[in-house]
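Remarks on the structure that follows.
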Amino acid sequence: MSGLLQNLVDGLGQGSIYALLALGIAVIFGVMHLLNFAHGELITVGAYVTYFCFTRGISWYWIAPILVITAVLTSLLIEQVAFRWVRGASDSTLLLTSFGVHFVVEALFLMYVSASVKTFARPGWIANTVDLGVARVEVVDIAVISITIVVLLITAGILQRTMFGIALRAAATDFDAARLMGVRSNNVIRGAFALSGALAGIAAIFWLMRAGQATPGAGLTPMLKGVLAALIGGLGSLRGAVIGGLALGVAEVMLQSQLPSGIAGLTDAFVFLLIAMLFIFRPQGIINVGHAERV
Amino acid sequence: MKRTLSALCAASLVLAACGGDDEEPGADTGADTSADTGETAAPADTETADTAAPPVAGAAAVDLDAALAADLAACAAAPTGEPIKVGMALDYGEVSGFADIPGGEAATYLAELINCTGGVNGSPVEVTIRDIQGDPQVTATATQELLDAGSHFLIGPPFADFGQPVLQVTGGAVPVFFAASTEPSLPDIGALSFLVSFDDTAQATAAAEWALAEGFTRAITFSSPGPYFGYNPEVFAEVFTAGGGEIVTDQPYTPVDDVDFSAQVSEIASVADGTEIVYSAMLAFQVTALRGQLEGQGLTDLAYMGADAFEATGILAEANNEGILHTTHAFAEPGGRIEQLLTGYEAARGEPLESGTFAGLYADAMLLGIQGIANCGCTDPAQIGAAIAAIEGFSGFTGEMGYAGTNGIPNKPVSIHRVVGGVDTLVADWE
């Protein structure tokens, strides 16, 4: 029982990071119909910024806000440089553009930084644990779950109670109708990229605290997990993205610990099998999103 | 008019694209007169030499210490013989760039040093590098280009995924060194395919034997199905249990990606008694993350040991690395050849070479090929390959080695290191 509880907390900790990433992906998909495979580059850039800060003796207390600011600026830059020019293009064009951004950013780091791993120190408390009697829980899991809850509440507040949030939700429902109602597309899209960047920045803090390394492909795995979580939840659904992220995290940890040792190496395969089964019964993901098709 | 301009532009683009091939990264420098050994071997450049010069086994083709002492700003006359052509099919991408980039740099720099001291029996060493871009198809094309350019031998990428396409193209007709590879499936004397390092069987065996010799009786392994990440712990477990040890648990993980080992740590905490040695072939940042989590669960006295990926991915730069053991290719002792190579490179290029001993492996690969040419006094790649296969007692950057009586895996010791005070220390050279 204690093992299950421990696995559940571990899974929720991991899933919280996925949820933040998936939420950012869902926000962008909502306004642009773009499944953003360049989302992981926000973490790649963040990883090198962390390495740069680390080599200059800057502590994690400063690195954390720097990461969020970096992710927001990078997200806006990518929108300005790449996606601005393909707004309204077909889904496949948007998809290819996001792949292009991913490969260009990776190549830039390969050419101008290094192909080698650049390591930086994790915070000293990262592996500390708290004994809850029935389980020994990592402090970082408690931190990431707590902060994710706060961030989700703030995000919900922004979306529900601010003009930007209302415009964003309107654009996500029907972009053209929202424009006809006076919503300024530039502001909404930039705002969506900024919000998506901020969420990725917060996710990056915890991802990089654990990873302790920067490589040109550092953002690939978190991007894939985020996209998967968004798909599981129902592409375009903000609630679904969060549920998908948490479900993915818990499923990974549970399978890793509960599968017999002989087949535990196939954890990822079982995770994808579960996802495939989900899509057989609910092709739209956990939450169904009704979109007006753009023409 | 516009059409004419367009045609001119298109023509110039085509010409530029064709010309670009000649400007791939590479080195061919000329330098002075004296060769190193004073042997009577014929210049390694002419076809007539194939029959004129008897094999000169054992004599060093390159006076390495003289080359390392060369001043690139004060070279004598360039060697004028036919060049020794070294083709390097390297991956400058993320998969193998950690080794191939510094390896290519090291070989190019060493060629400059050799040429600066007169080349090899009057022949300059000419290095041509082609980037295989982490793509088997590009690998095959790049290999063919290097063969078409007349390479006497090739140096290939570390992993079998890209090594096999190289061998398919060479078809056993041209010798190939896989400098940074420990993959047991690559070496094959019949295909003129050579490792420059020990293979995974040797390094995992050395790790297990050392652990047993140190008195460890319980071990925890981390493995992932497949060659390197699965094969090393598998061999370790076989040798360790055969020697009387017990594998307490083998935990699965995802190489390169996993940095959260919560599920595995929970399970280990329930079966470990704290006296175990944890063995894996995972990457440096993964083992320190794992160690942090295990220590968080109260397992503070475990020992950690890994394969050569620990060094390749920067174990020395990691925090929380104290006491971690790893098998690797050589010990860069103060004042030794590897250190001379690294300091000389940094002085010449203004930036350090990453992956020190890995750079030494590529330099050794080039020297071994040159040695083969000098020994046979020939330029036919197949004969060069046969001469390489007969090399004994070669002394390069990563120690003494040879291929005589092997299937392409050099007989050299496994260097076992421990991080002490953030610095690599030599624990043993395990034969």
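Naming convention: chains lettered A, B, ... in sequence-line order (proteins, then strands); numbering from 1 in each chain.
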Fill in: Atom group of B:Gln251 that falls short of 4.5 Å from chain A, counting heavy atoms
neither
Item to complete: Could you check if a side-chain atom of A:Arg122 sits within less than 4.5 angstrom of a side-chain atom of B:Phe285, using non-hydrogen atoms only?
Response: yes
Worksheet entry | Heavy-atom closest pair, residues A:Asn7 and B:Ser266 | OD1-OG, 4.2 Å
Item to complete: Side chain from CB out, backbone as N, CA, C, O: work out which of these in A:Thr215 comes under 4.5 Å of a heavy atom of chain B, or both, or neither.
Response: both
Worksheet item: If you look at every heavy atom in B:Ser262 and A:Asp141, which pair is closest and at what distance?
Response: OG-OD2, 4.4 Å
Worksheet item: Taking all non-hydrogen atoms of both residues, which atom of B:Thr313 and which atom of A:Thr119 are closest, and how far apart?
Response: O-CG2, 4.3 Å
Item to complete: Considering only heavy atoms and a distance below 4.5 Å, find which of B:Val259, B:Asp257, B:Thr249 pairs most often with chain A.
Response: B:Val259
Worksheet item: How many angstroms lie between CG in A:Asp10 and CD in B:Gln293, if you round to the nearest 0.5 Å?
Response: 8.0 Å
Worksheet item: Looking at B:Ser224, B:Ala263, B:Ala99, which one has more heavy-atom pairs under 4.5 Å with chain A than the rest?
Response: B:Ala263
Fill in: chain A contact via B:Ser96 - side chain, backbone, both or neither, heavy atoms under 4.5 Å
neither
Worksheet entry | Engaged part of A:Gln258 at the chain B interface, taking heavy atoms whose separation is under 4.5 Å | neither
Discussion item. Tell me if a side-chain donor or acceptor on A:Thr129 pairs with a main-chain N or O of B:Gly296 at a distance below 3.5 Å.
Written reply: yes
Worksheet entry | Spacing of CG belonging to B:Asp260 relative to CD1 belonging to A:Ile17, to within rounding of 0.5 Å | 7.5 Å
Discussion item. Is B:Glu295 close to chain A through its backbone or its side chain, or both, or neither, when contacts mean heavy atoms under 4.5 Å?
Written reply: neither
Worksheet, complete the sentence: Between B:Pro252 and A:Gln256, the two heavy atoms sitting closest are O-NE2, 3.3 Å
Worksheet, complete the sentence: From the list A:Gln14, A:Gln213, A:Lys118, the residue making the most non-hydrogen contacts under 4.5 Å with chain B is A:Gln213
Item to complete: Sort A:Leu110 into side chain, backbone, both or neither according to what part of it lies under 4.5 angstrom from a heavy atom of chain B.
Response: side chain
Worksheet item: Do other residues, nucleotides or ligands put more than 12 heavy atoms under 6.0 Å from the CZ atom of A:Phe272?
Response: no
